[in-house]
Amino acid sequence: MYCDDDVFQDNKKVLDPDDIHLVYAGGVAGSHRNPKQYGNIQFHQIIDILSKQKIHFHIYPSPSNIRADYEEYEEIAKKNPFFHFHESVAQNELASELSKYHFGFHTGFVNQDEHRQSYEKYKYCTTLKIFNFLEAGIPVIISENIIYQSWILERYKSGISINKDQLYDLRTIVSRTDYPDLLQAVYSAQKKLSLKDNAKRLLGFYNKLAL
């Protein structure tokens, strides 16, 4: 996967340790779902953990989500000043919308005692999320259990990899980061992962597969 040059955003924000905003875009599940299967997209505990640290958390649900899965999040947002539940955004508008925040947030904490998710799935999976965040010009906070995607961010020095226990001290972790350096790394990653710059390489790879 590569980043779409046509939607690149230039992030000029300054990180205020007293006003941190994280954003997630993707699937959400309501509390009525079986947590053994849907636990990693049930955000109730994460909302509570972040709110206690006075970290703002924004969610943009996938357009394919059904209302039964997100109406309770709308109710939480009405009462919690640190949680914000937004309407779905079209893919061509997503980078611009995500660029309003300080960090993209990609969860996926694997606990085999709690969830049925395959360790191998989380190790090797690739989603659009981290590329959407990079297109938006924002660094990414990601679960270390998503090993391949964490490696991509580590390779380009454009994110922070954490374990689930570190969620409870995330405010301190974020406050200690050199945010301008992270932004510069994101701009560098945009160029290195540019679809236009890598199109020939990608076509060459497909041609080899076709032989």
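Everything quoted here is computed from the prediction, not taken from an experiment. One is the number of the first residue; the rest follow in order along the sequence. All values below come from the heavy atoms of this structure, side chains included, with hydrogens, waters and symmetry mates left out.
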What pairs meet the salt bridge (Lys or Arg N to Asp or Glu O under 4.0 Å) rule with one or both residues in residues 171-183, with sequence neighbours excluded? D18-R171

Parallel, tilted or perpendicular: which describes the rings of Y101 and H58, with under 30° parallel and over 60° perpendicular? tilted

Check the angle between the aromatic planes of W151 and Y148 and answer parallel, tilted or perpendicular using the 30° and 60° thresholds. parallel

Sole candidate of Y60, Y73, Y24 that passes ring pair (Phe, Tyr, Trp, His ring centres under 6.0 Å) when paired with H86: Y60

Quick one: does K13's side chain get under 4.5 Å of I138's, heavy atoms only? yes

Side-chain heavy atoms of D10 within contact of Y187, under 4.5 Å: yes

Can you name the salt bridge (charged side-chain N to carboxylate O under 4.0 Å, His left out) partners of R155, sequence neighbours left out? none

Less than 4.5 Å apart, side chain to side chain, heavy atoms only: is that true for P139 and L183? yes

Tell me whether R33 is salt-bridged to D69, with the criterion being a basic N under 4.0 Å from an acidic carboxylate O. yes

Mind checking what makes salt bridge (charged side-chain N to carboxylate O under 4.0 Å, His left out) contact with K79, not counting sequence neighbours? none

Students often mix this up, so state it plainly: with edges at 30° and 60°, are the rings of H102 and Y179 parallel, tilted or perpendicular? perpendicular

For the residue pair H21 and H56, categorise the inter-ring angle as parallel (less than 30°), tilted (30 to 60°) or perpendicular (more than 60°). parallel

Are Y2 and F131 an aromatic pair by the rule of ring centers under 6.0 Å? no

